[in-house]
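Working notes for the structure below.
Keep in mind it's a predicted model, so treat the numbers as computed, not measured.
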Amino acid sequence: MTAPGDRGPDQLTVRYSDLDVAGHVNNVAWLRFVHVGVSRAVASWRPPGGSDRAGDGSGAVAWRWVDIRYRRAVRAVGTPITVRAIPVERPEGLLVTCEVGAAGPDGRMTECVTADVFLGPPAPTALERDTPHASGTEPPARTGRWPWSLVVPVRADDRAGGGSLTPVAAADLLQEARHDALSTWRNAIRGRLVVARTTFCLGQAAAGQEILLHSRCSRVGRAAVELTSHGVDPAGGAVVIRSTTRIARLLTDADQEAAPWSDAERALLRDMSTRPGGPGTVPPNGHDPSDGCGQLDI
């Protein structure tokens, strides 16, 4: 792998529209920063010997899966953002590792987000419902009841070439799903809920105008909970997005570690993740107001 003309890290700036209602740079904005780094890394990448990028004659590569970890919040408009993206060729495609940092008052960079993005030939079909995990492949689907469901319209600019969803549009839809699910039990959890890590994979979206998002609590840990979501084409039932998000809780802005759940909070979370059958004790609320919907204060 060679990367001729490498211009070093990309310099970006936080805009007002990047902030959520709690005043933090939100998850979709962070993915936009990652997207800039990945796009420029792909543009500068040349396979050994000048072979075709995708290996299928098209020269195209598409985002297939993403693993993004959120480490620090940013609150100020105008904060300089640096994105470093390193492409590494794999037999099955291209893996781009990204580091996104913010400059503090002293000019030193603080790591805020890290991400691994795998790119390969555009997916010819929707995602399989259960796929073994391996390097360069999508994570396995998780089965179980889905107490929250939400139909979200697909906008014209949500689609890339060939009709598939763009990565930023997929992240935006998944944020809608998290908001709908978490706002049903947010007021029963003390402190602020933090999106610590998200993985998602993308298949070929159908040509429909809506996506049906299903979500559920799939795992309750000592100080975190995992929310699994998938997006389905309502017409044919094909899965076009699949995601798992790890959510923790901070009691104050100064906290650097997640606070463990109380017995009552753990019981609430476990009820929604393990209670067999039925929609659970907390029904979907259709986007009633909550305390926010970004990286913090979801």
Side-chain angles (χ1 to χ4, degrees), residues 26-39 61-71 85 92-98 100 113-120 122-123 125-144 146 148-150 152 154 158-160 163-182 194-206 211-219 224-233 238-248 293-295 298:
N26 74 12
N27 299 281
V28 177
W30 283 121
L31 189 68
R32 289 193 189 101
F33 296 149
V34 170
H35 191 275
V36 169
V38 171
S39 296
V61 291
W63 289 43
R64 301 296 296 273
W65 59 256
V66 182
D67 184 352
I68 182 167
R69 298 163 294 281
Y70 305 97
R71 305 187 184 279
E92 63 277 8
L94 186 70
L95 180 68
V96 181
T97 299
C98 291
V100 185
V113 166
T114 58
D116 293 322
V117 178
F118 175 74
L119 302 98
T125 61
L127 300 174
E128 295 182 10
R129 293 186 178 273
D130 192 2
T131 302
H133 181 60
S135 175
T137 64
E138 62 209 31
R142 299 192 179 191
T143 59
W146 303 91
W148 301 288
S149 295
L150 175 70
V152 179
V154 177
D158 287 339
R159 297 191 182 280
S164 60
L165 291 170
T166 68
V168 173
D172 195 23
L173 292 173
L174 292 169
Q175 183 164 262
E176 293 266 358
R178 287 197 299 269
H179 181 282
D180 192 64
L182 270 63
V194 181
V195 175
R197 182 174 186 174
T198 297
T199 61
F200 69 88
C201 48
L202 295 171
Q204 179 69 44
I211 286 184
L212 175 60
L213 296 166
H214 297 299
S215 301
R216 73 179 185 95
C217 292
S218 54
R219 178 179 176 273
V225 63
E226 289 187 353
L227 185 73
T228 297
S229 303
H230 66 212
V232 178
D233 170 21
V239 178
V240 298
I241 312 170
R242 187 160 60 243
S243 169
T244 298
T245 298
R246 182 175 301 165
I247 299 165
C293 56
Q295 183 187 1
I298 298 176

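Residues that satisfy the side chain to side chain contact (heavy atoms under 4.5 Å, CB included) test with Ala169, not counting sequence neighbours, are Asp158, Thr166. Partners of Asp67 according to the salt bridge (Lys or Arg N to Asp or Glu O under 4.0 Å) rule, which considers only residues two or more places apart in sequence or in another chain, are Arg69, Arg197. Scored by the salt bridge (Lys or Arg N to Asp or Glu O under 4.0 Å) test, Arg32 finds no partners at all (sequence neighbours excluded). By the side-chain hydrogen bond (donor to acceptor under 3.5 Å, both in side chains) test, Ser243 is found to be paired with no residue, residues two or more places apart in sequence or in another chain being considered.
No side-chain heavy atom of Thr244 sits under 4.5 Å from any side-chain heavy atom of Leu227. For the pair Val232/His214, a side-chain contact is recorded, criterion being any heavy-atom separation below 4.5 Å from C-beta on. Side-chain contact check for Leu174 versus Phe200: some heavy-atom pair is nearer than 4.5 Å. In this structure, the side chains of Tyr70 and Thr198 come closer than 4.5 Å at one or more pairs of heavy atoms. Looking at Val34 and Ile68, their side chains come closer than 4.5 Å, going by heavy atoms from C-beta outward. Counting heavy atoms from C-beta outward, Val240 and Ile211 have side chains that approach closer than 4.5 Å. At a threshold of 4.5 Å between non-hydrogen side-chain atoms, the residues Glu226 and Ile247 do not count as touching.
A pairwise comparison of heavy atoms in Glu176 and Leu150 identifies O-CD2, 3.8 Å as the closest pair. Ala224 and Arg246 make their closest contact through CB-CG, 4.0 Å (heavy atoms, listed as atom of the first residue, atom of the second, distance). In this structure, Gln175 and Val28 approach most closely via the heavy-atom pair NE2-CG2, 3.7 Å.
Ring geometry, His35 versus Trp63: the interplanar angle falls under 30°, so the pair is classed parallel (tilted spans 30 to 60°).
How far CG of Leu213 is from CH2 of Trp148: 13.5 Å, rounded to the nearest 0.5 Å. Note that CG of Leu95 and CH2 of Trp65 are 5.5 Å apart. Values are rounded to the nearest 0.5 Å. Summarising the geometry, atom CD1 belonging to Ile241 is positioned 6.5 Å from atom CG belonging to Leu202; distances are rounded to the nearest 0.5 Å. Rounding to the nearest 0.5 Å gives a distance of 8.5 Å between OG of Ser215 and NE2 of His230. Within the model, atoms CZ of Arg216 and OG of Ser149 stand 12.5 Å from one another, a figure rounded to the nearest 0.5 Å. Rounded to the nearest 0.5 angstrom, Thr97 OG1 and Asp116 CG are separated by 4.5 Å.
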What verdict does the side-chain contact (heavy atoms from CB on, under 4.5 Å) test give for Leu165 and Leu173, after you've listed the backbone C-alpha separation in whole Å, the side-chain angles of each residue and the deciding distance to 0.1 Å? CA-CA 10 Å; Leu165 291 170; Leu173 292 173; 3.9 Å; yes

Worked verdict on Arg71 versus Thr114 for side-chain hydrogen bond (donor to acceptor under 3.5 Å, both in side chains): CA-CA 8 Å; Arg71 305 187 184 279; Thr114 58; 3.1 Å; yes

Verdict with supporting geometry, Arg219 and Val225, side-chain contact (heavy atoms from CB on, under 4.5 Å): CA-CA 6 Å; Arg219 178 179 176 273; Val225 63; over 6 Å; no

Leu119/Val38 under side-chain contact (heavy atoms from CB on, under 4.5 Å): CA gap, chis, key distance, verdict: CA-CA 10 Å; Leu119 302 98; Val38 171; 4.0 Å; yes

